[in-house]
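The structure appears below as structure tokens.
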2 protein chains.
Amino acid sequence: MVDTVRSTFLNLPEAKQEKILDAALAEFADKSYEQASVNVMVSACGIAKGSLYQYFKDKKGIFLYVFDLAVSRVRRTLVKVKEETAGEEFFTRLEKSLLAGVDFIRRHPRIYNLYLKILFDQRVPERERLLTAVRRFAADYLGSLVRQGVARGEIRADLPEHTVIFLLDALFDRFLQATCVPAFDVTLNLEKADEREIRERIGELVGILRSGLAA
Amino acid sequence: MVDTVRSTFLNLPEAKQEKILDAALAEFADKSYEQASVNVMVSACGIAKGSLYQYFKDKKGIFLYVFDLAVSRVRRTLVKVKEETAGEEFFTRLEKSLLAGVDFIRRHPRIYNLYLKILFDQRVPERERLLTAVRRFAADYLGSLVRQGVARGEIRADLPEHTVIFLLDALFDRFLQATCVPAFDVTLNLEKADEREIRERIGELVGILRSGLAA
DNA sequence: CTATGGTATGACCAGATGGTCATAAGGATT
DNA sequence: AATCCTTATGACCATCTGGTCATACCATAG
């Protein structure tokens with residue numbers, strides 16, 4: 001995994017490292033993997049192309065390194081939310097997790113865009129592995145919430161856990177997508193919503209999950 | 001909309017038209033829009049590149065024409081399901097609609113792949129318009145089911161309709177994605193599921209929607 | 001002052017792209 | 001047979017791509 005980056009890069013002053021990673025993230029977040037241009041990256045961060053190929057083995061190496069960094073940031077953020085809400089009720093934790101997701105995306109839109117690229121660009125290197133890792137993390141996160149909810153008697157114990165997690169995962173993912181891809185969301189207008197409205201919509205959704213649709 | 005295709009193309013014998021559209025669909029479904037190659041299309045269907053540019057204004061024109069055809073096929077299929085289940089109960093209609101979706105994708109995987117491309121390739125021409133159209137259709141479809149369900153007293157009338165539709169739309173879309181993108185679905189294994197299993201999972205999901213999660 | 005070794009450079013390569021256009025082929029009407 | 005119009009062709013163009021490599025730079029060590 002780390003054999004894609006050369007020690008030359010790690011020896012660089014941190015500011016320069018960051019400038020390069022920033023340019024790479026911007027480019028990969030903007031275009032599809034194959035369309036992302038190494039030429040654009042180097043001219044954006046003001047180094048020679050040859051230099052970049054002294055830092056990384058190839059384009060794929062740059063990509064994997066950037067992706068790894070992005071994922072670890074997401075991980076850290078969500079794990080923190082889980083710990084901070086450990087004592088609260090299941091449905092409250094759902095709401096707070098979703099809110100934290102929205103907040104993360106608004107602060108790191110390019111990282112989320114990178115994730116969307118992995119989701120649907122079939123030609124991303126090692127896509128299967130990267131994608132599975134991310135989704136598995138989400139499923140584990142939700143699974144741990146669900147199991148604790150069941151143990152505390154806050155949610156029904158008679159439901160197949162996998163299906164519950166699937167439903168929650170689907171809803172979370174789409175909600176987050178809707179906050180930044182307006183065309184996804186022809187009903188709730190989440191992209192233009194302020195935080196109060198976001199909270200309201202989250203409350204409504206979790207309310208439906210809680211009590212069901214049947215009359 | 002139709003000013004992208006030239007009359008020359010429409011005058012062609014139907015078999016030749018189909019061969020060309022088939023090659024174009026295959027290529028657009030396989031790669032991202034910008035990565036899809038006109039050269040590949042023409043050699044796949046055995047015509048000269050110049051000919052293709054006599055049938056369509058440019059690459060974008062080919063794409064929009066193919067997309068329009070695909071969308072109208074989806075529309076026809078789903079409208080038929082809606083009509084055929086008009087008399088049945090809300091939750092049954094949900095189940096049958098989902099099942100019809102799975103069936104359509106298995107019979108027309110390339111069309112569904114094309115849709116996924118629109119979803120996440122930010123550089124697809126007129127993406128906003130195409131995407132909004134598709135999502136609006138889904139929302140209208142589900143909305144009509146919901147309103148009839150409310151009118152018949154099958155589902156609660158006290159819920160905000162938009163939010164209900166949003167939830168259903170999210171769940172439907174992800175379920176369909178899971179049936180053909182294994183990495184999406186680390187919990188249910190839908191890709192390998194036979195029809196009996198698919199029916200079971202659909203039943204469980206709709207069951208949760210019906211009665212909620214709370215203990 | 002020189003030698004060493006890591007670092008930086010950008011001209012260059014082969015290959016691909018979308019799109020063009022002069023030319024040719026077909027078929028119908030005169 | 002001659003004219004005319006539509007359709008078919010593929011060599012060609014400018015432009016971009018990821019990747020290479022001989023060369024230059026520069027700090028330290030002898």
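Residue numbers start from 1 in every chain, and the chains themselves are labelled A, B, ... in the order their sequence lines are given, proteins ahead of strands. No hydrogens, no waters, no symmetry mates; every other heavy atom, side chains included, goes into these values.
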Check ion pair B:Lys96-B:Glu88 (N to O, under 4.0 angstrom): yes
Does a sphere of radius 6.0 Å around CD in A:Glu18 hold more than 12 heavy atoms from other residues, nucleotides or ligands, not counting ones at 6.0 Å or beyond? no
Could you give the CG-to-C1' distance, from B:Leu52 to C:dC21, as a whole number of Å? 16 Å
So CZ of B:Arg93 and CG of B:Leu98: to nearest 0.5 Å the spacing works out to 14.0 Å
Short side-chain N/O contact from B:Asn11 to OP1 or OP2 of D:dT6, under 4.0 Å: no
Excluding sequence neighbours, so at least two apart, what forms side-chain contact (heavy atoms from CB on, under 4.5 Å) with B:Asp22? B:Arg110
Atom pair distance, as rounded to whole Å: CG in B:Leu10 and P in D:dT7: 11 Å
Spacing between B:Arg6 atom CZ and D:dT7 atom P, to the nearest angstrom: 11 Å
B:Tyr55 has an atom OH; how far is it from atom C1' of D:dT7, in whole Å? 7 Å
Are any of the side-chain nitrogens in B:Glu197 or B:Arg201 under 4.0 Å away from the carboxylate oxygens of its partner? no
Between atom CZ in B:Arg123 and atom P in C:dG18, what is the gap in whole Å? 15 Å
Taking the six-membered ring of B:Phe184, is the NZ or CZ of B:Arg174 close enough (under 6.0 Å from the centre) and on axis enough (within 45°)? yes
What does A:Phe9 touch in the nucleic acid at a heavy-atom separation under 4.0 angstrom: a base, only the sugar-phosphate, or nothing? nothing
Could you check how far CD of A:Gln17 sits from P of C:dA8, rounded to whole Å? 11 Å
Using a heavy-atom cut-off of under 4.0 Å over every strand shown, decide if B:Thr8 touches base, sugar-phosphate, or nothing. sugar-phosphate
Taking any heavy-atom pair under 4.0 Å as a contact, classify A:Phe56: base, sugar-phosphate, or nothing. nothing
SB check B:Arg123 A:Asp30 (cutoff 4.0 Å): yes
CG of B:Leu12 versus P of C:dG27: gap in Å, rounded? 14 Å
Is B:Lys16 near enough to D:dA8 that one of its side-chain N or O atoms lies under 4.0 angstrom from OP1 or OP2? yes
Atom pairs, protein N/O to nucleotides 15-18 of chain D N/O, distance under 3.5 Å:
| residue | atom | partner | partner atom | Å |
| --- | --- | --- | --- | --- |
| D:dT17 | OP1 | A:Ser37 | OG | 3.0 |
| D:dT17 | OP2 | A:Asn39 | ND2 | 3.0 |
| D:dG18 | OP1 | A:Ala36 | O | 2.7 |
| D:dG18 | OP1 | A:Val38 | N | 3.4 |
| D:dG18 | OP1 | A:Lys59 | NZ | 3.0 |
| D:dG18 | OP2 | A:Val38 | N | 3.0 |
| D:dG18 | N7 | A:Lys49 | NZ | 3.2 |

Given atom CD1 of A:Ile47 and atom P of D:dG19, what is their separation to the nearest angstrom? 14 Å
